[in-house]
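Single-structure report; data block below.
From a predicted model like this one, the values you see are computed outputs, not experimental measurements.
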Amino acid sequence: MVREPSIALKTIMPFSENRVKQRSSDLEDEAPLIQNRYDDWAEETSSPVSPRRRRNVGTSTSTTNISSSRSPQAKARTISFHASGYIVTYFGPLCFVLLVTIGKEAYDDWKRFKRDQENNSQKYEIMTRNGIKLVPSSKIRVGDLILINKDQRVPADLILLRTTETSGACFIRTDQLDGETDWKLRLAVPYCQKLPSNESLLHIDAEIYADIPHKNIHNFIGNFSKSTPENLTPHIDALNVENTLWMNTVLASGTAIGFVIYTGKETRAVMNTSHPETKVGLLDHEINRLSKVDMGKTVYAYQIMNDDEIPDTIVRTSTIPEELGRIEYLLSDKTGTLTKNEAHIPRATRTAVPTSTIIVGRSRRDMTSRIKDIVLALALCHNVTPVIDSDNVITYQASSPDEVAIVKWTEYVGLTLVFRDINEMHLRTKHGDVLKFQILQIFPFTSESKRMGIIVKDETTEEIFFYEKGADVVMSKIVQYNDWLDEECGNMAREGLRTLVVARKKISADVYNDFTHRYHEAKVSLSDRKVQEQAVINAILENELELLGVTGVEDKLQDGVKTTLELLRNAGLKIWMLTGDKIETATCIAISSKLISSRNQIIHQISKLQSIEAALDELASLQARRDCCLVIDGESLQLYMDHCQFEFIELAVELPVVVACRCSPTQKADITRLIKKYTNKRICCIGDGGNDVSMIQAADVGVGIVGKEGKQASLAADFSVIQFSYLTKLLLWHGRNSYKRSAKLAQFVIHRGLIISVIQAVFSSIFYFAPIALYQGMLIVGYSTVYTMAPVFSLVLDKDVSEDIALQFPELYKELTKGRSLSLKTFFQWLMISVYQGGAIMIMSIVLFEDEFINIVSISFTALILNELLMVAFEINTWHRLMFLSEILTLAIYIVSMIFLPTYFDLLFILTETFVWKVAVITAVSSIPLYIIKFLRRRYAPPSYSKLT
């Protein structure tokens with residue numbers, strides 16, 4: 001005889017036999033909570049809610065033998081095992097997570113692709129025997145003749161053949177290559193410049209020799225050879241870096257024709273740029289990505305870009321804003337990043353000229369004549385070109401802001417540069433007289449020589465002078481003996497000024513002719529060209545120069561740099577300055593910017609290392625001076641990187657400040673990667689030029705500055721700002737909020753999934769771990785969306801401290817770098833909370849509603865929703881109106897939805913007082929103890945910021 005099963009084990013949802021019939025017809029795709037057929041019962045039950053009774057359960061689909069220790073004679077039972085609920089409840093959440101994550105990554109990549117496509121599709125004019133052809137930059141090949149117009153980007157590495165200037169000169173902007181914003185002079189191949197027309201280039205029989213591709217943008221060796229019909233010695237023009245147009249430079253004047261020598265990966269720009277990697281934040285590694293955290297990152301990016309105090313800030317990589325809150329190392333460029341790249345002679349010092357910083361050498365000669373000599377030397381020894389606009393206003397362009405500052409000073413004292421080309425230079429005195437000089441030779445400044453020289457001939461007196469200026473460390477060895485140079489240079493350096501020593505030498509026509517012959521032979525040599533050139537210069541020119549004086553120039557800092565560096569240092573960041581400038585300049589900026597925190601801080605300088613033994617000796621000396629500032633040049637740095645990398649970085653990362661000078665773009669990126677690898681800390685790199693792109697891309701967080709050096713760094717960076725001082729708010733405020741909110745949001749999302757899993761586990765354990773889903777269909781979908789999503793997501797608006805407190809006390813940032821907001825400890829805390837609350841809700845539901853077990857779904861689910869709303873409220877530090885609104889609306893949506901989900905909710909039962917007070921008790925038991933614990937913890941073990949709020 002078949003008996004009617006106990007109500008505890010019959011179909012619990014819906015609530016009547018009529019609804020069972022309705023389910024089979026209308027809701028066939030949604031499985032009931034418990035749906036088994038029973039063939040026999042071992043004994044009659046008197047308790048309708050006892051799930052411990054022995055029974056035989058059978059189905060026709062699958063058979064499982066389950067042994068019971070309480071009844072060895074229990075018959076085998078069969079359990080129907082099938083997916084419960086809508087299929088969307090299984091694949092929907094997964095698809096949503098993947099869609100959000102992949103969509104964000106795809107959008108960022110698409111924007112980068114469009115920028116690259118725009119650059120590669122730019123059209124350029126190529127000269128052919130059939131006329132001018134337009135081709136995209138991606139189709140340019142070695143050997144093409146490219147026509148470059150003013151303000152056009154150079155698409156490949158070129159040899160400059162001709163320009164529209166009769167002198168063969170043109171100016172280029174190299175800000176996207178070497179970080180320098182001022183114009184640089186380039187010279188066409190003399191033979192090609194003398195041809196009657198551009199078309200003549202297509203009919204000459206000549207060849208260009210270029211050395212193998214390498215990264216050094218300041219060095220090039222080549223020859224232009226033209227065969228003669230008489231088969232005599234071919235005409236040869238020596239080629240150096242002044243005859244080149246590197247890719248990504250911009251033509252600043254006139255029109256030029258270039259011969260392509262390197263393309264693609266062989267160009268200097270590409271060889272100095274590392275390939276970008278997809279950046280994944282540390283928090284993403286820790287939580288393995290959660291969709292709501294990704295959605296929260298979009299909110300953080302919006303908040304950053306709409307902050308009125310850091311206008312024009314752009315978030316280009318929206319997947320890592322929380323990384324801003326975990327930075328421990330800041331690597332910064334100097335020129336254009338810490339400084340404005342604007343130099344000036346700042347104030348008077350002890351001198352015979354009260355409005356200058358000129359220190360005049362002690363001599364028996366008339367002091368007025370001495371001053372005239374040094375002013376004339378400063379007005380002639382430079383690479384500055386005057387540009388006169390339509391209003392006859394003179395502006396100056398040069399490769400160095402120092403040179404512009406000095407020329408402006410000579411204009412101020414009465415000697416103005418009014419004209420210059422590659423052959424002549426004109427100066428106008430304050431009385432209107434014009435002094436004309438022929439330019440015979442120029443020796444440009446290089447990082448190796450650390451000096452710049454020029455040979456000029458006075459057209460009035462026919463006298464020939466060699467003028468030279470440079471760093472005191474090299475000039476002191478080639479000037480005549482003196483007893484004051486070192487003292488005055490030291491005084492200026494301590495004041496943060498860059499010093500330049502100025503000297504001259506008068507040479508006869510015979511000596512100059514001898515020099516020209518020997519120097520030309522050295523220039524056309526293909527082996528050791530620079531060594532041979534320098535040997536000629538040393539032998540004839542650079543000895544026993546007459547010392548004229550010393551200049552002191554100050555590079556203006558960006559607004560707020562000193563304050564920003566001090567705040568970041570107090571926040572626990574270790575700061576490195578990586579620059580292409582010489583040691584003296586970088587040291588001066590480190591002092592003036594207060595990167596070196598005090599005058600008493602020792603500066604340990606390492607330069608010109610040639611052997612491993614010497615390098616290890618320097619490290620041993622540095623070992624005992626852990627609180628000093630290390631200043632190191634690029635050559636010595638490369639020696640450490642190649643031979644004793646571990647020993648160097650182990651010591652360097654412990655120093656408060658490191659200044660690396662004469663760094664190539666590749667070296668900057670290598671240092672970044674080395675610090676990341678050794679310390680496993682988060683690194684932020686900031687720069688403003690194309691030479692900073694590799695460093696920015698290698699960092700965990702790359703920040704690009706939009707400024708005089710263009711937008712290449714900004715476009716390649718994760719965050720784009722317009723000035724260095726914005727880092728303060730970007731890290732200390734937005735970084736703090738992004739990390740703290742993401743950590744809280746991630747753990748709450750984990751908790752939300754764990755608690756419902758614990759409830760399910762407790763429920764299943766009551767029924768001998770039968771695979772029966774407690775919450776099905778729209779309940780599980782609603783739980784993941786409308787019932788909890790808005791309150792949980794509103795945590796992205798929370799803040800533990802005010803903005804003023806975060807910026808006023810940067811020491812609070814140190815706590816973030818320790819990662820305590822999201823750790824194994826906090827994970828296990830939330831795990832225990834989930835276990836406690838899930839168990840409390842399920843067990844209390846069974847205990848309090850034993851007689852209403854048929855309504856176990858509506859009882860426990862209501863308590864679960866109320867518990868989650870309360871937990872969100874407990875976690876909020878600072879209430880926002882949207883948080884309050886999300887809580888109220890979510891509760892209202894849940895209550896209204898009960899009406900439209902009669903399958904799960906019996907309104908007659910829900911509207912009773914018994915349901916209300918018992919659900920309230922369950923919710924209180926699951927949540928109130930946690931609030932008490934949190935209150936006691938804040939009372940007796942408050943967080944570090946509690947006393948400040």
For [X], give me all partners under salt bridge (Lys or Arg N to Asp or Glu O under 4.0 Å), at least two apart in sequence or on another chain.
X      : value
Lys799 : none
Arg820 : Glu815
Asp718 : Lys279
Asp627 : none

Counting N and O atoms only, with roles assigned by atom type, does the side chain of [X] sit under 3.5 Å from a partner on the main chain of [Y], one being a donor and the other an acceptor?
X      : Y      : value
Lys744 : Glu875 : yes
Gln723 : Ile310 : no
Lys297 : Ser318 : no
Gln837 : Ser926 : yes

Completion exercise
Checking Leu930, Ile755, Leu754 against Ile833 for side-chain contact (heavy atoms from CB on, under 4.5 Å), the one that qualifies is Leu930
Exercise for the section: With the side chain counted from C-beta on, respond yes when Leu324 and Phe719 share a heavy-atom pair under 4.5 Å apart, and no when they do not. Expected result: yes
Exercise for the section: Would you indicate whether the side-chain heavy atoms of Tyr775 and Ile759 approach each other to under 4.5 Å? Expected result: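 Answer yes - side chains close enough.
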Practice task
Using the six-membered ring wherever Trp is involved, compare the ring planes of Phe905 and Phe861 and label them parallel, tilted or perpendicular (cut-offs 30° and 60°).
Solution key: tilted
Practice task
Ignoring hydrogens and angles, state whether a donor on the side chain of Gln747 or Thr826 is under 3.5 Å from an acceptor on the partner side chain.
Solution key: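 Result is yes, a qualifying pair exists.
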Problem - Leu891 side, atom CG; Tyr787 side, atom OH - distance, nearest 0.5 Å - result: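 Atom-to-atom, Leu891:CG and Tyr787:OH are 11.5 Å apart.
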Exercise for the section: Working to the nearest 0.5 Å, report the span between CG of Leu730 and OG of Ser725. Expected result: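 So the gap between those two atoms works out to 11.0 Å.
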Practice task
Step through the shown structure and confirm whether more than 12 heavy atoms of other residues, nucleotides or ligands are within 6.0 Å of CZ on Arg626.
Solution key: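 Atom CZ in Arg626 is packed in, count exceeds 12.
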What residues, two or more places apart in sequence or in another chain, satisfy side chain to side chain contact (heavy atoms under 4.5 Å, CB included) together with [X]?
X      : value
Pro656 : Gln601
Ile846 : Ile766, Met842, Phe853, Ile856
Ala924 : Ile928

Among all residues two or more places apart in sequence or in another chain, which pass the side-chain hydrogen bond (donor to acceptor under 3.5 Å, both in side chains) test with [X]?
X      : value
Ser764 : Gln760
Asp312 : none
Glu887 : none
Asn737 : none

Practice task
For Phe827, check ring pair (Phe, Tyr, Trp, His ring centres under 6.0 Å) against everything at least two apart and list the hits.
Solution key: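 Applying ring pair (Phe, Tyr, Trp, His ring centres under 6.0 Å) to Phe827 gives none.
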Handout entry: Check ion pair Glu868-Arg752 (N to O, under 4.0 angstrom)
Key = no
